[in-house]
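Okay, so here's the structure we're looking at.
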Amino acid sequence: MHLAVDRHPGGMLVTDHRGGTEVVPAAAFPAYVVAQEGRSTPPRWVWSDTALWYPPLLRAGLRVERCHDLRLVEAIIAGAEGRAVRSFAARPRAALAMPERQSAALFDLEAEPREAERTPPAAELHAEQLAALARASTRAPGALALLAAAESAGALAAAEMTFTGLPWSAEDHERLLVEALGPRPAAGERPVHLAALAAEVERQLGVRPGSLAIDSPPELVAALRGAGIDVATTRSWELQRQRHPAIAPLLQYKTLSRLMTANGWNWLDEWVRDGRFRPTFVPGGVVTGRWASDGGGALQLPRQVRSAVRADEGWVLVVADAAQLEPRILTALSQDAEMARAGAGVDLYQGIVDSGAVDSREQAKLGMLGAMYGGTTGQSARVLPRLQRVFPRAIAYVEEAARAGERGETVRTRLGRTSPSPGEEWRERQLLAAAEGAGESERRDARTAARGQGRFTRNFAVQGTAAEWALAWMAGVRRRLWSAEGGPLARQPHLVFFLHDELMVHAPAARAEEAATALREAAADAGRLLFGDAPVTFPVTVATVQRYSEAK
DNA sequence: CGTGAACGCGCC
DNA sequence: AGGGCGCGTTCACG
């Protein structure tokens, strides 16, 4: 939908592509709509903050095709230039001052007058940002501008996903809870299955019924030790190594207790309305460029409850997952031809096995994850030398990123997102340890801190570039679905969920194939956008299902 | 008493 | 003893 916007006595006059008009109240309208970049392209709205301005437009039945999010782009540029973000962008929700030629009455300048005075008008900020993006030194010309566009497109998608919501069957969710936990208990009470498990743990530990505070880690550890079980913490992985009849019911208790507290009845009451879960996504919420979420735990949706994510009657969920995204990103970043060969099929880990580097898919996976996260022990460390022999360039890439971090340097993603510098404290510690007369413990602490920073930068390059690929993918899917046809967002195929390397489209059943094609084509485009014609593929698996739990 | 760190665990 | 998160609970502290 192409929108034109003009000032109007009652607010802002918005004209859609069919000539229909609507007046949007001034209080609900963004500071600036800008930049007609040519007749052939739709307008790009330039505003301080998509998350602030877009939702009211969506509620008014309007959609914005392209935008430039000044707050998100400021964060990217500031990071690349190694400086702090300007004040308006540091605030969680950022309005901008009005330009002088527009009516100040549209906005409440009294709220924060000094901030308003300090903040350059949007048009000016936009021009400055475009210049900064253009002069940024990145591997490929225009990379940072591409990142700015992708980040902004992601912000639009995030607002739209919150607006339409994820189709959620509260009824199925309830049923699942009752089955696992028992009927909903009164407030403060334990569901019957949970109570039974707690009692069984007490029995097996030989303590008086009702005397064990099972939810208190210190007390639980004490009780376990009292029963002769040698544990230092109550972590599941540590419990799993023990042989004792109390362990099985305890582990089950922990799993169900988690379900209850994280995604139980309270969660359902708070987050699901009218058959939709409406999480708030936070684009750029993670330093690496990944999204975060705010409330509802959208990015930690446990597998246990995914059967409650259910398409509307006559609709389907088209769920796409980028297969082994991060190792493929590393392959492209490092231009490792041998690993590209291993990734030619749909299963890169199997390809690594077939190359002869390792013996099993599990080893390949563990080894690659260890290489990308900086694992130094266990199985992953053991297979690393074997991977290094066959894929020297890929391994060298992450090793170099780690060394840079250990030296206190920053690293960059493919499109130029820059890792934050280690803090002043970190640098002081390194200087102290390097100084004459430094003690052994000081040197050890500094070394530990340096290695920690190395693990961070090692992972930043890969995770951050994967996030960029995912943004480009999402933007491409959105554009394809968009151009398919006009009409209200919720009446045509639309994105409903994003999870780092997964996208979900809710679509009328008859248009499922169209959505699947969009997901596949946009993935191929994203690879070309980031890496040109490098011989690296980014296959996606696409499943058309009724419930999220039926995918993969 | 309220606040915040620490824990533990869910996701990628 | 592995990178990035969010969130609910417990517990120490002011």
Side-chain angles (χ1 to χ4, degrees), chain A residues 188 190 213-222 231-240 250-267 270-271 279-306 309 321-330 365-381 384 398 401-402 405 411 413 417 419-420 447-449 451-467 469-470 497-504 548 552:
Chain A
R190 235 179 222 147
I214 193 169
D215 293 322
S216 165
E219 291 198 35
L220 181 55
V221 168
V231 290
T233 73
T234 63
R235 291 183 191 127
S236 296
W237 63 265
E238 194 174 349
L239 294 175
Q240 270 156 19
L250 177 54
L251 289 171
Q252 207 190 347
Y253 175 89
K254 285 165 82 78
T255 301
L256 292 183
S257 171
R258 173 86 191 172
L259 171 64
M260 158 105 170
T261 55
N263 296 97
W265 292 278
N266 292 342
W267 182 92
E270 185 171 2
W271 291 102
T280 303
F281 293 103
V282 187
V286 179
V287 284
T288 57
R290 271 190 177 180
W291 286 14
S293 63
D294 184 13
L299 300 180
Q300 297 101 246
L301 214 59
R303 293 200 131 69
Q304 271 176 310
V305 301
R306 291 187 182 181
V309 181
D321 174 291
Q324 309 97 37
L325 178 58
E326 293 197 348
R328 289 175 189 278
I329 290 291
L330 174 57
K365 185 173 178 175
L366 270 169
M368 286 306 295
L369 290 177
M372 292 183 294
Y373 292 158
T376 54
T377 60
Q379 175 111 356
S380 77
L384 189 61
V398 283
V411 297
T413 60
R417 199 187 300 265
S419 67
R447 189 70 199 135
T448 301
R451 270 199 280 261
Q453 185 65 18
R455 280 194 301 275
F456 171 59
T457 51
R458 170 198 295 266
N459 186 249
F460 183 96
V462 178
Q463 186 187 118
T465 303
W469 182 92
F497 198 56
F498 172 57
L499 192 56
H500 306 312
D501 60 358
E502 262 184 71
L503 279 174
M504 190 190 299
Y548 190 12
K552 64 170 180 186

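Quick note on labels: first sequence line is chain A, next is B, and so on, each numbered from 1. Owing to the predicted nature of the structure, the values given are computational and were not obtained by experimental measurement.
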Electrostatic pair A/R190:A/D215 at N-O distance under 4.0 angstrom: yes

By side chain to side chain donor-acceptor pair (under 3.5 Å) - contacts of A/T413 (at least two apart): A/E468

Sugar-phosphate, base or nothing in reach of A/N263, heavy atoms under 4.0 Å: nothing

Bend angle of the helix from B/dC1-C/dG14 to B/dC12-C/dG3, end axes from five pairs each (to 10°): 10°

Touch class at under 4.0 angstrom, heavy-atom based, for A/G295 against every strand present: sugar-phosphate

Residue whose nearest DNA chain C nucleotide is more 5′ - A/D215 or A/L369: A/L369

Sugar-phosphate only, base, or nothing, as touched by A/G370 at under 4.0 Å among non-hydrogen atoms: base

Sugar-phosphate, base or nothing in reach of A/V462, heavy atoms under 4.0 Å: nothing

With A/Y373 via ring-ring contact (aromatic ring centres under 6.0 Å, His included) - residues at least two apart: none

Summary of protein contacts for nucleotides 3-12 of chain B, nucleotide by nucleotide, where a base hit scores B, a sugar-phosphate-only hit scores S (4.0 Å, heavy atoms): -----BBBSB

Sugar-phosphate, base or nothing in reach of A/G297, heavy atoms under 4.0 Å: sugar-phosphate

Salt-bridge contact A/E326-A/K365 (side-chain N to carboxylate O under 4.0 Å): no

First-last contacting nucleotides on DNA chain C - partner chain A, under 4.0 angstrom, heavy atom: C/dG2 to C/dC11

Sequence neighbours excluded - salt bridge (Lys or Arg N to Asp or Glu O under 4.0 Å) pairs with any residue from residues 452-464 of chain A: A/E399-A/R458

Counterpart residues, side-chain contact (heavy atoms from CB on, under 4.5 Å), relative to A/T234 (two or more places apart): A/P217, A/L220, A/V221, A/K254

Which residues share a side-chain contact (heavy atoms from CB on, under 4.5 Å) with A/P218, sequence neighbours left out: A/S216

Salt bridge (charged side-chain N to carboxylate O under 4.0 Å, His left out) partners of A/D294, counting only residues at least two apart: none

Results of salt bridge (charged side-chain N to carboxylate O under 4.0 Å, His left out) for A/R306 - residues two or more places apart only: none

Qualifying residues under ring-ring contact (aromatic ring centres under 6.0 Å, His included), relative to A/F281, sequence neighbours excluded: A/W291

Under 3.5 Å, sequence neighbours excluded: what are the donor-acceptor pairs made by side chains of residues 258-265 of chain A?
{"residue": "A/T261", "atom": "OG1", "partner": "A/S257", "partner atom": "O", "Å": "3.1"}
{"residue": "A/T261", "atom": "OG1", "partner": "A/R258", "partner atom": "O", "Å": "3.3"}
{"residue": "A/W265", "atom": "NE1", "partner": "A/E174", "partner atom": "OE1", "Å": "3.2"}

